[in-house]
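Since the structure comes first, as structure tokens, the remarks are kept for the end.
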Amino acid sequence: KNEVEQSPQNLTAQEGEFITINCSYSVGISALHWLQQHPGGGIVSLFMLSSGKKKHGRLIATINIQEKHSSLHITASHPRDSAVYICVDWWAIEVGAQKLVFGQGTRLTINP
Amino acid sequence: DGGITQSPKYLFRKEGQNVTLSCEQNLNHDAMYWYRQDPGQGLRLIYYSQIVNDFQKGDIAEGYSVSREKKESFPLTVTSAQKNPTAFYLCASSMGKTAANVLTFGAGSRLTVL
């Protein structure tokens with residue numbers, strides 16, 4: 001069974017701080033997604049990566065395949081970054097069949 | 001703009017009633033998914049469909065039904081057999097069934113059973 005664990009579950013920080021959210025998975029991946037869920041419930045896909053590092057604006061996602069670990073970093077955090085961040089492991093369970101396993105999410109609050 | 005439209009955004013249901021949640025996409029995506037989200041838990045897959053007129057059960061399909069008569073539409077019916085239907089429901093789609101495809105989510109539907 002593949003499991004995805006995120007840490008921390010809740011994170012509160014001051015505006016401007018550097019934020020790191022961690023994700024560990026127990027089985028190999030085809031790709032790992034980072035999602036952002038806003039307070040109203042809408043979800044946006046931030047990154048999809050299977051190796052290395054990706055950067056978009058102030059957000060950086062990294063993945064270490066050997067360690068089965070990914071991190072999401074936010075530089076110069078801002079109150080509008082407050083959201084739930086969800087890690088998703090998209091893995092192949094057999095040829096032609098793939099499954100998504102979701103982490104429980106990390107609730108980030110950035111105070112002004 | 002292309003995207004996924006879910007409706008209604010909020011829905012109240014009496015016990016014993018069936019309700020249908022709508023999910024429509026104009027992204028020309030092949031695969032569509034329904035997820036359920038409960039507080040403090042990750043999203044759980046209810047049903048998914050990779051092509052028209054075909055769908056498969058996810059991890060928590062009991063008490064739910066779906067149809068995929070058109071590529072654009074993947075409605076979810078929450079039946080009276082679902083013992084704990086109060087939850088937030090998310091519809092998603094992707095171009096194909098491989099991990100290389102980005103997931104697009106709808107805004108969600110919040111169902112409350114009175």
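Quick note on labels: first sequence line is chain A, next is B, and so on, each numbered from 1. We use all heavy atoms of the structure for the numbers below, so side chains are in, but hydrogens, waters and symmetry mates are not.
When B:Leu90, B:Leu45, B:Thr104 are compared by the number of non-hydrogen pairs under 4.5 Å with chain A, B:Leu90 comes out ahead. For chain B, the option among A:Ile86, A:Ile43, A:Val84, A:Val88 with the highest count of heavy-atom pairs below 4.5 Å is A:Ile43.
Under the 4.5 Å side-chain heavy-atom criterion for Ile, Leu, Val, Met, Phe, Trp and Tyr, A:Ile60 and A:Leu46 are members of distinct hydrophobic clusters. Linking Ile, Leu, Val, Met, Phe, Trp and Tyr whenever their side-chain heavy atoms come within less than 4.5 Å puts B:Phe55 and B:Met32 in one cluster. Hydrophobic clustering of Ile, Leu, Val, Met, Phe, Trp and Tyr side chains at less than 4.5 Å, counting indirect connections, unites A:Phe47 with A:Ile65.
Only the side chain of A:Gln37 comes within contact range of chain B, with heavy atoms under 4.5 Å apart. Interface residue A:Leu35: only side-chain heavy atoms are found under 4.5 Å from chain B. Using a 4.5 Å cut-off between heavy atoms, B:Gln37 touches chain A through its side chain atoms alone.
Heavy-atom neighbours of A:Arg107 CZ from other residues, nucleotides or ligands within 6.0 Å: at or below the threshold of 12. Within a 6.0 Å sphere centred on CD of B:Gln17, other residues, nucleotides and ligands contribute more than 12 heavy atoms.
Contact between A:Phe102 and B:Leu43 at its shortest, heavy atoms only, is CD1-O, 3.5 Å.
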